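Here's the structure we're looking at; comments come further down.
For the single chain, residues carry numbers from 1 onward in sequence order. As the structure is a prediction and not an experimental result, all values here were calculated from the model.
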Amino acid sequence: MQGPPIGQTPLASALLNNPVHFGPVMTTGGDVTREQVNALAGSPVIPHDQATAFSARNTHAMVFSEGLDGLHVHSHSGVSTPVNNVTNETHPVPQFYQSHLFRQGPPPQHVNLPDNRSTAHAEALAVHSEAYRSSVKRNADDIEQFSDIMDFDPEVGVGDATPEQFENLLNFLSGIPVSSNIAINRASCGHKGGSGHVGGCNQEMAETGEDYPEMLQQYMNSSQLAFLATQTGMASFGVSASGPYKEQGNPARMAESDVKVSMHNSFDWKKGQGRPISRKQQEYEARSREVDPSKKKKVKLKRILPSSHKSDIHKRQDPPPPPPPSSSQGIFV
C-alpha cells in the first residue's frame with residue numbers, strides 16, 4: 001500500500017511545491033547533479049563549475065515554523081522567511097543551501113553543540129542552532145498575539161471569568177496551532193547510529209520535545225499561557241522525515257515526549273516529481289502512535305502552577321458556577 005503523491009501536512013506540501021530549494025530534505029541518498037536541479041528549475045540556478053548540486057549520502061535537515069501567517073523556514077542565524085517567498089531571485093539556490101541547510105558533520109556558525117561534541121547528524125545540529133531558537137520564539141510571539149486578538153487573559157480564573165471571557169478562552173483554544181519542526185531526509189537514528197549522543201538522534205529529538213515547553217516559556221510574558229498552549233497541543237515540536245533508515249530509532253520514544261512525528265514525500269530526481277508515501281514510511285509513523293501512557297513525560301516548566309491545580313480546563317464546555325472567593329488562583333482551578 002502506498003500513500004498519496006502529495007503531502008498531507010502543510011510542511012510536506014510546501015516542500016513538494018519547491019523541490020529546487022527544499023530537495024535536500026526530500027532526498028534519501030546519493031548525489032543530485034547540477035543538470036537535475038537546473039532542469040527542474042528551468043534555468044541554470046546551479047553554476048557550471050559545480051557538478052553536484054548536493055549530496056544526500058548522509059543526513060540533511062532544515063528548520064521550519066508554522067503559525068499565524070503560515071509556514072516559515074529559518075536560516076542558521078535565525079532569520080525567518082515565509083516559504084512562499086523563497087525563490088531563486090530572493091534566495092539563490094547554492095547560497096540558500098549554505099545558509100539554511102544543516103549537513104551531517106562539524107557544526108556551522110550559529111550552532112552550539114553540547115557535551116564538547118565536534119560533529120553531529122543534521123537534525124542534532126538543527127535543534128542546537130539559532131534557527132531552532134528563532135522558530136520557538138516565533139511560536140511564542142504568535143501565541144501571545146493570538147491571545148491579544150481573542151482578548152484572552154490567562155491570569156483570570158475560570159471561576160471569575162465572565163461568559164464573554166470564557167468564550168474567548170474557548171476561541172483561543174480552538175485557534176490556529178503553532179509548531180517548530182525539523183525536516184530531515186531520513187528517520188532519526190537510534191543508539192547504533194553513531195550520532196555521538198546516548199540513544200542516538202531519536203533520543204535527542206525526544207529530549208528536545210521535553211525541553212520545548214520550557215524554551216517556549218522563556219520567550220513569553222505569561223507562564224500560564226505557555227503551559228496552556230503546550231498542554232492542549234496548541235503549540236508543539238515536530239520531526240518530519242522523507243524516508244526510513246536502517247539504524248533508525250523507535251519513533252514512539254519521541255512521541256512519549258510529545259514530539260509530533262510525521263513523514264513527508266521523498267523526491268525522485270530522475271522523474272522530477274515527488275514519490276508517494278511508502279509502506280515503510282507509513283509503518284514508521286504508525287509506530288509513533290504506539291505509546292504507553294505510563295511512559296509519557298511530564299511537562300518541563302518551572303514555577304507555573306501549584307500541583308493541586310487541574311490541567312483539563314480545555315475539556316470543559318460550559319462555565320462552571322462561581323467557586324468561593326478563596327479558590328481562584330489563576331486559570332486552572
Side-chain angles (χ1 to χ4, degrees), residues 9-11 64-71 135-181 205-206 208-240 254-262 288-289 291-320 328-333:
T9 65
L11 176 59
F64 296 84
S65 64
E66 189 174 0
L68 291 179
D69 59 343
L71 193 68
S135 74
V136 178
K137 184 179 186 302
R138 180 176 175 241
N139 291 170
D141 292 344
D142 281 355
I143 293 169
E144 292 190 326
Q145 181 181 345
F146 190 62
S147 174
D148 290 339
I149 293 172
M150 292 293 101
D151 193 22
F152 165 58
D153 184 357
E155 305 304 324
V156 175
V158 171
D160 296 331
T162 65
E164 181 182 0
Q165 288 173 324
F166 192 83
E167 183 178 358
N168 291 344
L169 164 61
L170 296 180
N171 289 335
F172 172 78
L173 293 176
S174 62
I176 298 174
V178 303
S179 60
S180 293
N181 300 285
M205 296 305 102
T208 301
E210 293 166 17
D211 292 336
Y212 173 81
E214 188 171 3
M215 180 177 285
L216 186 73
Q217 179 191 355
Q218 293 172 4
Y219 293 116
M220 299 180 70
N221 294 321
S222 170
S223 60
Q224 299 221 50
L225 192 57
F227 183 88
L228 181 65
T230 53
Q231 291 305 282
T232 60
M234 183 182 183
S236 61
F237 166 68
V239 176
S240 182
M254 290 189 283
E256 289 169 3
S257 300
D258 287 332
V259 178
K260 305 295 185 183
V261 179
S262 61
S288 72
R289 297 190 289 270
V291 178
D292 182 346
S294 67
K295 294 183 179 180
K296 291 282 286 185
K297 304 297 179 180
K298 293 183 179 179
V299 63
K300 225 177 172 183
L301 287 177
K302 299 177 180 177
R303 298 184 302 279
I304 287 188
L305 296 168
S307 59
S308 60
H309 284 280
K310 298 179 182 179
S311 61
D312 60 352
I313 182 60
H314 61 288
K315 298 179 182 177
R316 296 183 182 178
Q317 299 299 316
D318 299 304
S328 178
Q329 300 180 12
I331 189 166
F332 293 89
V333 297

Requested in this report: Working to the nearest 0.5 Å, report the span between CG of Asn181 and OG of Ser262.
Outcome: 7.0 Å
Report task. Sequence neighbours left out, what passes salt bridge (Lys or Arg N to Asp or Glu O under 4.0 Å) with Asp69? Give chain and number order. Result -> Arg138
Report task. State, yes or no, whether a side-chain contact exists between Ser147 and Leu225 at a heavy-atom distance under 4.5 Å. Result -> yes
Query raised in the report: So do the side chains of Pro10 and Glu66 get within less than 4.5 Å of each other, counting heavy atoms only?
Result: yes
Report task. Ignoring hydrogens and angles, tell me if any N or O in the side chain of Asn139 forms a donor-acceptor pair with the backbone of Leu216 under 3.5 Å. Result -> no
Query - Separation between CG of Leu71 and OG of Ser179, rounded to the nearest 0.5 Å - result: 7.5 Å
**Report entry** Minimum heavy-atom distance between Val178 and Gly67, given as atom pair plus value
**Finding:** CG1-CA, 4.0 Å
**Report entry** Side-chain (Glu144) to main-chain (Met220) donor-acceptor, under 3.5 angstrom
**Finding:** no
Report summary line: Taken to the nearest 0.5 Å, the spacing of Glu210 CD from Met205 CE works out to 12.0 Å
Requested in this report: Go through the structure and list residues passing salt bridge (Lys or Arg N to Asp or Glu O under 4.0 Å) with Lys137, not counting sequence neighbours.
Outcome: Asp141
Query raised in the report: What distance do Leu228 atom CG and Ser222 atom OG have between them, rounded to the nearest 0.5 Å?
Result: 8.5 Å
Query raised in the report: What pair of heavy atoms forms the shortest contact from Ile143 to Ala235, and how long is it?
Result: CD1-CB, 3.7 Å
Query raised in the report: Quick one: ring pair (Phe, Tyr, Trp, His ring centres under 6.0 Å) partners of Phe146, sequence neighbours excluded?
Result: Phe172
Query - Check against side chain to side chain donor-acceptor pair (under 3.5 Å), Asp258 and Tyr212 - result: CA-CA 9 Å; Asp258 287 332; Tyr212 173 81; over 6 Å; no
Requested in this report: Taking the side chain as every heavy atom from C-beta outward, state whether Val261 and Val239 have any pair of such atoms under 4.5 Å apart.
Outcome: no
**Report entry** From Gln224 atom CD to Gln217 atom CD, the distance as rounded to the nearest 0.5 Å
**Finding:** 10.5 Å
Report task. Start with the C-alpha gap between Ser65 and Ser135, add the side-chain angles, then the distance that decides, and say whether side chain to side chain donor-acceptor pair (under 3.5 Å) holds. Result -> CA-CA 5 Å; Ser65 64; Ser135 74; 5.8 Å; no
